[in-house]
Each structure stands twice: as C-alpha cells, then as structure tokens.
Amino acid sequence: MALLCRSAALLLKPCRAAPAALSAARLCSSGGQYEYIVVETRGEKKDVGFIQLNRPKALNALCDGLMKEVGQALDAFEADGNVGAIVITGSDRAFAAGADIKEMQNRTFQECYGGNFLAHWNRVSTVKKPVIAAVNGFALGGGCELAMMCDVIYAGEKAQFGQPEILLGTIPGAGGTQRLTRAVGKSLAMEMVLTGDKINAQEAKQSGLVSKIYPVDQLVSEAVKCGEKIAANSKLVSAMAKEAVNAAFELTLAEGNRLEKRLFHATFATDDRKEGMTAFVEKRKASFQDK
C-alpha cells in the first residue's frame, strides 16, 4: 500500500473515477477501453488473459479506479470460455510501487470502516482461473499484496518486494501481514513489516515468495508460456486443483485432505477426467472439453 519513497510519491497524480463497466467482449477486445490498464489476450491460441497496469508516471500506483478496472477485466476473463489463465504485470520499472497515497491521505476512520475500504481489491484472489503475477521492478505495499493475491509469482532479476507501510504510520491493509507470513514465514515477514525493508528477487525466491526468476526482457513471455501450459489443461479441473491448494492455508491437515479427496472424487464425474486417462492409456494427447 505504501509507495517506494517520498520522491516516488511526488510523481503521483490523483486518480480519476473509473469508466463505466463495458461488456465482456469489448473489455477483452482492446486495451483502449481502459484508462489505467491495458487488457488483451495472448498466447498462440489467445487463451491467456493479459492485464498490464498502466500508470507509468505514478510507478503504477494502485488507485481505486485502477483496481476497479482490474476487477472488470478479471470478470470478463472469467466469463470468456477460451481463457484458461490470466497474467498480471506492470512495467519494467515497477509492477506497482504501492497504493495511491494522495487518494487515501485524508480518509477518516469512519470512511474506511464504514465503506470497508480496500475490500474490492480482493477480487484477484477470488478468481477461479489461475492468475500469474509477472513482477519486474518494485512490488511494494499494495503492489506486493496484489502479487501475493495471484496464484503464481514470476519475478524479473531486478524485482524488489516490500511492505513499507510502517514508514507512513500505518500497516498493510490488503493482506500483506497475512499472505506474506504464510509465504515466507513469521520471522522474515515480521522483519519486513516492522522495518519496511525490501527483499530482492533472489531473496524472494529463496524464501518461497516467488517460484522462478527470469531476465527482465523475458519475464512476461515466460509468464504467458506458463499461462498457456495451464490453459491447455481442463479449465474445470484446474479450478478444482486451485481450490484444493488454496485450502491448505485455511484448513487443518485432516480437513484439507478430506476436501482434496472430495474434489479428487468429483473429477470422476467429469468428461475431462475420462478423456485424460483414456488418452494416457491410448498414448495420445488429451483433448479436454472443459466439462
């Protein structure tokens, strides 16, 4: 939620109101329909949804309008039967350097609590389709929280992650204390949250926050390739697999194993499970129909 530093904060411009919601078809057709993000489909089969944060002068600071647009784009991709995975990225310089401080500077407790401030930011974590964060540059505060809402994080070699809200007299408010602790453990999470210190891509991978590191100019294409691999599988079964993995953070081991077993059993009611196993026995490539 916090910006990289005072100099970055000076670059921020107030975020104007988000444009009205458009139809799913129009939302996916052109990045020109949005003010703060670029949206398109990528991959050989155009089966990977692509969202690029696009406030370069503000280091992709997350204003309310931007996050509403991200939610609209995610809703459109959820409704698109051809899309099997989604990539979210920023620029080479910054994935997102934090939330828009000017936008929240004068908010009161009553406004935040009464309006459930930041609640709609959680949309990224509720998408059924797998979401991949491609992080180049700064992912600080809200930017780090946004990346952690995704299912997979790929980092560029120069990426930096941090939760520097403490330096602004506040704490993370979009999952930073919760998701970071689950990802890297209590000690490192506590150090980052209490000091505002950043970690680089190598430290993030070593701690388990990111899964792979790539050169800056290869990061996005590698994230799209990962999305294509995911999209080639059954979209229905992928959603079930995602639900099972996410449950590991919410349930006891016994309860998690019970849910996993039920979801595993449920795959036997799908045509895709039958096709996948039949294709394996017949030594051919499976042709999933997402049903």
Colleague: Quick one: SG on C144 to CZ on R179, what's the gap to the nearest 0.5 Å?
Modeller: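 Rounded to the nearest 0.5 Å, the SG-CZ separation comes out at 11.0 Å.
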Colleague: Indicate if V224 and I153 have the same hydrophobic cluster label, given that clusters are the connected sets of ILVMFWY residues with side-chain heavy-atom separations under 4.5 angstrom.
Modeller: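 V224 and I153: separate clusters.
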Colleague: Between I132 and Y214, is there shared hydrophobic-cluster membership here, with clusters defined by ILVMFWY side-chain heavy atoms closer than 4.5 Å?
Modeller: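 Yes; Y214 is reachable from I132 via cluster members.
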Colleague: Quick one, I51 and I86 - any side-chain contact, counting heavy atoms below 4.5 Å?
Modeller: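 Heavy-atom side-chain distance check passes, below 4.5 Å.
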Colleague: Following the transitive rule for hydrophobic clusters with a side-chain heavy-atom cut-off under 4.5 Å over Ile, Leu, Val, Met, Phe, Trp and Tyr, establish whether M149 and L180 coincide in one cluster.
Modeller: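 As far as the 4.5 Å side-chain criterion goes, L180 and M149 are connected within one cluster.
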Colleague: Any chance the rings of F138 and F95 have centres within less than 6.0 Å?
Modeller: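 For F138 and F95, the ring centres are not under 6.0 Å apart.
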Colleague: With a 4.5 Å cut-off on side-chain heavy atoms, are I88 and V131 touching?
Modeller: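 The answer is yes, as the side chains (C-beta and beyond) meet within the 4.5 Å cut-off.
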Colleague: State whether a side-chain donor-acceptor pair under 3.5 Å links R123 with T126.
Modeller: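 Looking only at side-chain atoms, T126 and R123 do form a donor-acceptor pair, the distance falling under 3.5 Å.
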Colleague: So does T89 get a backbone contact from the side chain of Q52, meaning a donor-acceptor N/O pair under 3.5 Å?
Modeller: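 Not a single qualifying donor-acceptor pair exists.
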Colleague: So V210 and Y154, do their side chains get closer than 4.5 Å, heavy atoms only?
Modeller: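 Side chain of Y154 against side chain of V210, heavy atoms only: no contact under 4.5 Å found.
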Colleague: Please report the closest heavy-atom contact between E145 and G173, naming both atoms and the distance.
Modeller: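 Reported closest heavy-atom pair: OE2-N, 3.4 Å.
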Colleague: Is any side-chain heavy atom of F77 closer than 4.5 Å to a side-chain heavy atom of Q72?
Modeller: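 With C-beta onward as the side chain, the pair stays apart.
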Colleague: Please assess K198 against L140 for the test side-chain contact (heavy atoms from CB on, under 4.5 Å), listing each intermediate value before the final yes or no.
Modeller: CA-CA 8 Å; K198 303 181 291 293; L140 306 178; 3.6 Å; yes
Colleague: Charged N to carboxylate O below 4.0 Å: is that the case for K205 and E203?
Modeller: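 Salt bridge between K205 and E203, a charged N being under 4.0 Å from a carboxylate O: no.
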Colleague: Of all the heavy-atom pairs spanning I37 and L66, show the shortest one and how long it is.
Modeller: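 Taking every non-hydrogen atom into account, CG2-CG, 4.1 Å.
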Colleague: Which heavy-atom pair separates V39 from A73 by the least distance, and what is that distance?
Modeller: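 Closest approach of V39 to A73: CG2-CB, 3.9 Å.
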Colleague: Considering non-hydrogen atoms only, spot the tightest contact between G162 and M192 and give its length.
Modeller: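 Closest heavy-atom pair between G162 and M192: CA-CE, 3.9 Å.
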Colleague: Does the Lys NZ or Arg CZ of R182 fall within the cation-pi geometry relative to F249 - under 6.0 Å from the ring centre and within 45° of the axis?
Modeller: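 Relative to the ring axis of F249, which defines the angle, R182 lies outside at least one limit.
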Colleague: Check whether any side-chain heavy atom of L53 lies under 4.5 Å from a side-chain heavy atom of L146, and answer yes or no.
Modeller: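 L53 vs L146: side chains touch.
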Colleague: Tell me whether the rings of Y113 and F109 are parallel (<30°), tilted (30 to 60°) or perpendicular (>60°).
Modeller: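 Rings of Y113 and F109: parallel, under 30°.
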Colleague: Begin from the C-alpha positions of L74 and K129 and carry the test side-chain contact (heavy atoms from CB on, under 4.5 Å) through to its verdict.
Modeller: CA-CA 9 Å; L74 290 172; K129 295 179 179 180; over 6 Å; no
Colleague: So if you build clusters from Ile, Leu, Val, Met, Phe, Trp, Tyr with side-chain heavy-atom gaps below 4.5 Å, do F161 and V220 land together?
Modeller: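 No; tracing contacts between hydrophobic side chains, which count when under 4.5 Å, never links both residues.
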Colleague: How many angstroms lie between atom CG of L188 and atom OG of S207, to the nearest 0.5 angstrom?
Modeller: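 That separation rounds to 5.5 Å.
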Colleague: Work out which heavy atom in F288 is nearest to a heavy atom in A232; give both atom names and the distance.
Modeller: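 Scanning both residues completely, I find the closest heavy atoms to be CD1-O, 3.6 Å.
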Colleague: To the nearest 0.5 Å, how far apart are CD in Q206 and CD in Q202?
Modeller: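 If I round to the nearest 0.5 Å, the distance is 9.5 Å.
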Colleague: Considering non-hydrogen atoms only, spot the tightest contact between T267 and T270 and give its length.
Modeller: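 Residues T267 and T270, closest heavy atoms: O-OG1, 2.6 Å.
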Colleague: For residues 238-251, pull every pair meeting side chain to side chain donor-acceptor pair (under 3.5 Å), keeping only residues two or more places apart or in separate chains.
Modeller: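 Every side chain to side chain donor-acceptor pair (under 3.5 Å) pair that includes a residue of residues 238-251, provided the two are not neighbours, is D151-K242.
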Colleague: Is C150 close to V124 at the side-chain level, that is, under 4.5 Å between some pair of heavy atoms?
Modeller: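 A side-chain contact exists here, since the closest heavy-atom pair is under 4.5 Å.
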Colleague: Any side-chain heavy atom of D47 sitting closer than 4.5 Å to one from T41?
Modeller: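 Heavy-atom side-chain distance check fails, nothing below 4.5 Å.
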Colleague: Given N60 and S91, is the side-chain contact (heavy atoms from CB on, under 4.5 Å) satisfied, shown in steps?
Modeller: CA-CA 8 Å; N60 291 330; S91 65; 3.9 Å; yes
Colleague: Answer yes if V152 and V48 sit in the same cluster of Ile, Leu, Val, Met, Phe, Trp and Tyr residues linked by side chain heavy atoms under 4.5 Å apart, and no otherwise.
Modeller: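 Cluster IDs for V152 and V48 match.
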Colleague: Give me each pair satisfying side chain to side chain donor-acceptor pair (under 3.5 Å) with a member in residues 280-291, each pair once, sequence neighbours excluded.
Modeller: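 Output for this query lists K235-D290, E275-R284, E282-R284, S287-Q289.
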Colleague: Output side-chain donor-acceptor pairs under 3.5 Å for residues 253-260, partner residues at least two apart or in another chain, one line each.
Modeller:
from	atom 1	to	atom 2	distance (Å)
E255	OE1	T252	N	3.2
E255	OE1	T252	OG1	3.2
N257	ND2	L253	O	3.3

Colleague: Any donor and acceptor pair, going by atom type alone, linking the side chain of N82 with main-chain N or O of K45 inside 3.5 Å?
Modeller: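 Yes; judged by distance alone, with no hydrogens or angles, the pair exists.
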Colleague: Output the distance between atom CG (D92) and atom CG (D217), rounded to the nearest 0.5 Å.
Modeller: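 CG of D217 is found 8.0 Å from CG of D92.
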Colleague: Hey, are the side chains of E157 and N136 touching, using non-hydrogen atoms and a 4.5 Å cut-off?
Modeller: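 Counting from C-beta outward, E157 and N136 never come under 4.5 Å.
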Colleague: Short question: side chain of E69, backbone of Y36 - any donor-acceptor pair under 3.5 Å?
Modeller: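 Answer holds: yes.
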Colleague: Answer yes when E228 and K225 have at least one side-chain N-carboxylate O distance shorter than 4.0 Å, and no when they do not.
Modeller: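 Not counted as a salt bridge, because no side-chain N and carboxylate O are separated by less than 4.0 Å.
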Colleague: If you round to the nearest 0.5 Å, how far is CE of M240 from CG of L263?
Modeller: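 Between L263 CG and M240 CE, I get 5.0 Å after rounding to 0.5 Å.
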Colleague: Would a distance-only check, ignoring hydrogens and angles, find a side-chain to backbone donor-acceptor pair under 3.5 Å from E78 to K128?
Modeller: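 At least one qualifying donor-acceptor pair exists.
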Colleague: Using side-chain contact (heavy atoms from CB on, under 4.5 Å), reason through L62 and W121 one step at a time and then give a plain yes or no.
Modeller: CA-CA 10 Å; L62 305 178; W121 287 32; 3.7 Å; yes
Colleague: Measuring from atom CG of L219 to atom NZ of K158, what distance do you get when rounded to the nearest 0.5 angstrom?
Modeller: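 Interatomic distance, L219 CG to K158 NZ, rounded to 0.5 Å: 13.0 Å.
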